[in-house]
Structures are given as structure tokens and as C-alpha cells.
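Please read the structure below before turning to the comments.
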4 protein chains.
Amino acid sequence: MSMIAASAGISHGLLYHYFKSKDELFTELVRLAMEGASGGIDEMFDHPGTVIDKLRHFLQDAMNEEARLFFLLIHQARASEGVPEEVRMIIGNYSIDWFVEQLKPLFLEGQRTGEIASDDAGQLIAGLLTVMSGTMILHASDEENIPLLNPDHLLRLVLAPAHIQPL
Amino acid sequence: MSMIAASAGISHGLLYHYFKSKDELFTELVRLAMEGASGGIDEMFDHPGTVIDKLRHFLQDAMNEEARLFFLLIHQARASEGVPEEVRMIIGNYSIDWFVEQLKPLFLEGQRTGEIASDDAGQLIAGLLTVMSGTMILHASDEENIPLLNPDHLLRLVLAPAHIQPL
Amino acid sequence: MSMIAASAGISHGLLYHYFKSKDELFTELVRLAMEGASGGIDEMFDHPGTVIDKLRHFLQDAMNEEARLFFLLIHQARASEGVPEEVRMIIGNYSIDWFVEQLKPLFLEGQRTGEIASDDAGQLIAGLLTVMSGTMILHASDEENIPLLNPDHLLRLVLAPAHIQPL
Amino acid sequence: MSMIAASAGISHGLLYHYFKSKDELFTELVRLAMEGASGGIDEMFDHPGTVIDKLRHFLQDAMNEEARLFFLLIHQARASEGVPEEVRMIIGNYSIDWFVEQLKPLFLEGQRTGEIASDDAGQLIAGLLTVMSGTMILHASDEENIPLLNPDHLLRLVLAPAHIQPL
DNA sequence: GATGAATGAGTCTTCATTCAT
DNA sequence: GATGAATGAAGACTCATTCAT
């Protein structure tokens, strides 16, 4: 907490004025990260163009430098022991399954248009999300040695072979 | 250290009998994990069959439940501050670039046989490795909610479109 | 550290608020002790009277109850292994030789006036300092059984025979 | 205990075969040191020559390199807290007062012959012993910087002025 | 006699948290 | 709002001691 306060240029005493405890601060950050993530999905649906255009936009939006630390945060929240109950609830609400449900309509449409591979949509989505998160976490922990993947590369996991383009 | 010792059913005192410090224990684990990883590559080359067969074997070997914690360990070693100097050296020796160099001959052959996509081999390998590691780390941190990916799914990142099969 | 904190009536946590480590606290004490010692020499030169008067004042000043623990501290610093580098430097700066040099002018004058024995001044000073320190350390460790020596008794080590008085 | 055993070239297990505990080993060493000290006094009385000859022999015997660690040991025993009860008893038996009593006959004879200063014999002896011990302890803890005093120098504390010789 | 695996009390140190000012 | 002195639980590490072999 003292280090966080110092980073923010305030005393740790004042940090406790804004957040009752480290758990509360952590919970707040997780909440923000999750809202950002679901906001990204809404934005994707508003994006013009084909299914592939929307997906590419979603990936580009999620896989930028700013989003890095959010992924790391969620990872910590998922991976650590002794995480506050409230954080576990937030994470539960935004489970992989929840994201799968959000994206399923898009993928089903993509399969109708022939853009998306004709495998089980849920499996494709879960795979894409897992791989995207994993990539971001790796990059976030060691940016020097682990480059961000080209979103088009990741798309190969879900595209119909006919739509795969050179990198 | 006391928790580790308790997990092993010994006193922390005895743990210090075998490892001079937490750093030394950690270093030893990282060393083991890294040797396991490079061993997996050797084994892949000995595996019979096509390039795809070899790669599938490599992924299945790496992405099993036992290997889970090794990925998590390496991730910790890469991501954390205050990691012992020796660990940083070991990790430096087995960089992403090193793995890329090991796998490049196989990928070049795969491109000759038409099994592997005709993009830059280095980029394909780095992408596959990143995604594989990221997936394992996510799964290792939260096995209940994040299923292991089907290795064939990951292979889509590097296969020539003609060789992509339904999942 | 906990015992020291308890002696001071504070928690060990607060002690660490003021001193980053046991080494730093120890270093600070050694520094203070050494400054006190060299201050005693300055004061001696300002003291009025003959060479013997000055020396007697110096000994009385150094050999009081308060100074006791300082001698013990310096002794620990000299005698112990694993003493912080900075402490070794401070002690090196205030070596026996350094004190000898400080006192030499006074002793040479004393030899001119006939108050000080006509042996090698450096040897006389080193002997007096050693004996004074040793006495203080013994007294500090076991005040009940080892009485403080009368400074006049110590002076016999350096006085010309003609100036020796009954105790 | 492990370090002591290693110095002796045996395992710490075997050290416990010979000494039931660290306290017992320490007690044994203190006992030996004290017997050596009182043996030195007996030997002094057997030494031929004048009172000064005997005293000089005593000092030379006590202030050699071998005796160094014995003085340090006794000092530790006197100075430390938590010293075993038996050690405290041994030290109590060989108190300063006990040594004073042992040496008093010699000093009284020396005062008759005019060799020893005509101050209170007890005070002279206590002073000489204190100074001798202190010197040895200092030298033992830091032999490089603190030279052993010339025994003749120490004798000045107790000699009649007429018998003081150049160093 | 001899070894070293095994234990646990005690020590230094960190850090989240509280609270008087 | 803002500060930092103050606390204590918890973790890394050491070392005297025991005991099976």
C-alpha cells in the first residue's frame, strides 16, 4: 500500500482515506477491469463491417498496451489464494462462459456467412479468449522478450480456412 | 518455506537442510523446469511421422497436467521482481528466441512439404509458443474454469489452410 | 531488535521506522561513540593547566559511567565478525594510530617539561590508550566485581618517576 | 556447535557425544581456563629471583599468544547474559578478590624490599590484574591493530619509582 | 564411537493497518 | 483531506539439540 501511495504521489495514510483496505482497492480495480472488458464487447457489436472486421476490431482493442495491466490484474485475481470474496464473485459473473455467450451470436452469424470455421462455436470462442488472455498476460509480464501477437494470427484459430490471409 | 515444508510433510528446518535458501530452492525448480522443456523438444524430433505428427506430439507432451506447474513456475520467474540472478541467467539461456531456433528446422521442412503455412517461420513459432505458454498458465491458475485447449486447435495457428481439420 | 525496542518502550516495528536494519542502528551507535571519543580529545586540549592536568582531565572524562557502554560498543565492533562494512570504515578512521597522533603533541610537550617519562611517546600513548580501553571494557561487562581504576593509577604508565604521587 | 565440531574435524553429532550441551562445553572451557590462571600463580611463586623477577615472569607467562583466547573466554563468561549457573560459580570462586589474596604476600614482600610502590597492596594488585586482563582481551579481539603491551610497561603501575626502568 | 537427517524455538525483517494531529 | 508515527502478525532463516542408523 505504501508503494502504491508513493506511486500516486500521496501518503499511505491518504490512500486509506479513499480505500478502506488493500482488498477494497484491489476489488475496485478488478471491477473496473471487468467493466472495461465487457464494454469492449459492446463496442465490437457497434463496429461496422463484416464479422471478421468486428472480431479484428475487438482483438485490436483488447490487445493494446493499455489493456495489458488489466489482463494481469484479472490473472492475479483468478490465480491467487486469499482473494476477497467480492472479487471472486465479480470474476464468477464474468466467467469464460459468460463471454462465450456474449460472443456466440456473432460467431453463429460468421458461420452462416462462411467467415468462421464450422466447428462448435463455444469451443472456438473459448479457445480464442483463452489464447488472447494468455498472450496478454505473457506480454504484460515480460514485454521485452515476448512480443504482442498480431491479432490476425490469433484469428486463424477461428476463421474458415478460405478466409485465412498471409500475416 | 514453512508452507512448502508442510506440504512435503517435513519441518521448515529440514527444508533448509536441503536448500540453503528460498532462492536456491526456486532456482533449482526453474532449472528442472527448463531442462524438462528442452527435453521435450529433443523428444519431438525423435517422434516418428510427418511434421504435423511431430508437432502434435510436442504439444500433447507439453500441455499435460504435469507440465502445468512448470509453466506457472517459469511465468513467475519471468514476471516477478527480485528474482535471483542465477534464475535470470537460466531464463536468459532458454529465451523465446532459443526455442524458435530449435524448432525452425522442423518448420522449414513443414513448409517444404506444404504442411506449415508459408508465413515467416520465426513468427509462426513464436506465436505458437506464446499461445501455448499463455494457455498453460491460465489453465494452471484456474483449472476449473479454464479448460485446456485441444492441441489441434492451437495447430491452426501454423498449419497451411489445406491441412486444417475439424476439431 | 525486539529487545532493544522493548527497552525503549516501543514496538520493534517502530524501531524499524527509525532504523532500516539492525546494521544501520549499530552503525549509528558506533558513529556516535567515535564522535564522542574524538570530542573528548578536543576538550582535553582546551582544558587549563599542566600536561598532567590535561591528561588527568582526559582520563576522568573518558572513564566515567556514561562512557562505559561506548567502550563496550567499540569493542564489539572491533571484535565481532560480520560487522557492517561502514562500521569497519569508521573504526578504521579512528584507529589506535590516529589517537596516538592526536595525543603526541601533548606528550612531547610533557617530555620537554619533564612531566612525561622519556620513553618513546608513541609507545607510551598506545599503552595508556590500550589500558584505558581494556579497563573500561572489563568494568562495563562486570561492574560489580571489577572496579574502575583510579585515573591517577593509570597515569603511572606514562609519568616521569619524579611526578608519581601516592594514590 | 556445528562450527566447533567442524573446526575439530568431527560431526556435530559426535561433539554431543563428548559434551551434553553447549553450556557444558562452555563450562568445561571456563574451568580449564581458570585452572590455567591459578596454575600460573603457583608457578610464579616457584620462580627464582626478586619480587620483580617473579612478577615479570608471571606477566610474561600470562600475556603470551596462547593465553589470549583464555582471557577472551573468561571475558565472555563475565560479560554475557544467560551464562550457565555453574560458570557463574566458577567465576565467583576465582574472583578478582581471590587473585588479590593470592598475590598479596608477594606484594607485601616487595614493599618491604622497596621494589613495590608503598600504596595499598590490594589496590595495586587489582589495578595490575585489571589492566593485564583488559589488554589481553583487546589484543585477542583485534590482534592486528592492538599490539601486546610490554610487560615492563605494565609493571610501572606497581613498582616503586626508583625501580622504574626505561622501556 | 560416528554420522547427518530432522525438529522447533528464537531472531531479523516486512507490510497492512490504525490513529492522533 | 493529509501525514507519518506506531503496532503486530507473518515470513525467511539460524542453530542447539535429538535420535535412528
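In what follows, chains carry the letters A, B, and so on, assigned in the order in which the sequence lines appear, proteins first and then strands, with residues in each chain numbered from 1.
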Should B:L148 and B:E65 count as side-chain neighbours, where that means a heavy-atom distance under 4.5 Å? yes
Atom pair distance, as rounded to whole Å: OH in C:Y18 and C1' in F:dT7: 13 Å
Which ranges of DNA chain F pair up as stems, where a stem means three or more consecutive Watson-Crick or G-U pairs with both distances under 3.5 Å? E:2-21 with F:2-21
What is the distance from atom OG1 of D:T130 to atom CZ of D:F99, rounded to the nearest 0.5 Å? 11.5 Å
Does D:H17 have its ring centroid less than 6.0 Å away from the ring centroid of D:H12? no
Quick check: does any side chain N or O of C:S80 sit under 3.5 Å from a backbone N or O of C:V83, one acting as donor and the other as acceptor? no
Residue pair A:H75 / B:I137, side-chain heavy-atom distance below 4.5 Å: yes
Please report the interatomic distance OG(B:S133) to CD1(B:I74), rounded to the nearest 0.5 Å. 9.5 Å
Checking E:dT13, E:dA2, F:dC13 against the side chain of B:S21 (C-beta onward), the nearest is F:dC13
In this structure, how many angstroms lie between the P atom of E:dC12 and the CE atom of C:M1, rounded? 7 Å
A:H17 NE2 - F:dG1 C1' separation (whole Å): 5 Å
With a cut-off of less than 4.0 Å, is there a side-chain N or O of D:Y16 near OP1 or OP2 of E:dA2? no
Kindly compute the distance separating CD (A:E24) from CZ (A:R31), expressed to the nearest 0.5 Å. 9.0 Å
Identify, residue by residue, the members of residues 2-15 of chain B with a heavy atom below 4.0 Å from DNA chain E, and return them in order of residue number, or none. B:I10, B:S11, B:H12, B:G13, B:L14
Near D:F26 CZ, under 6.0 Å, is it more than 12 heavy atoms from other residues, nucleotides or ligands? yes
Rounded distance (Å) that lies between atom P of E:dT17 and atom CG of A:L25: 10 Å
Return the value, rounded to whole Å, for the distance between atom CD of B:E24 and atom P of F:dC13. 10 Å
At under 4.0 Å between heavy atoms, what does B:F19 touch on the DNA or RNA strands: base, sugar-phosphate, or nothing? nothing
Heavy-atom closest contact (C:R78 atom, C:Y94 atom, distance): NH2-O, 3.8 Å
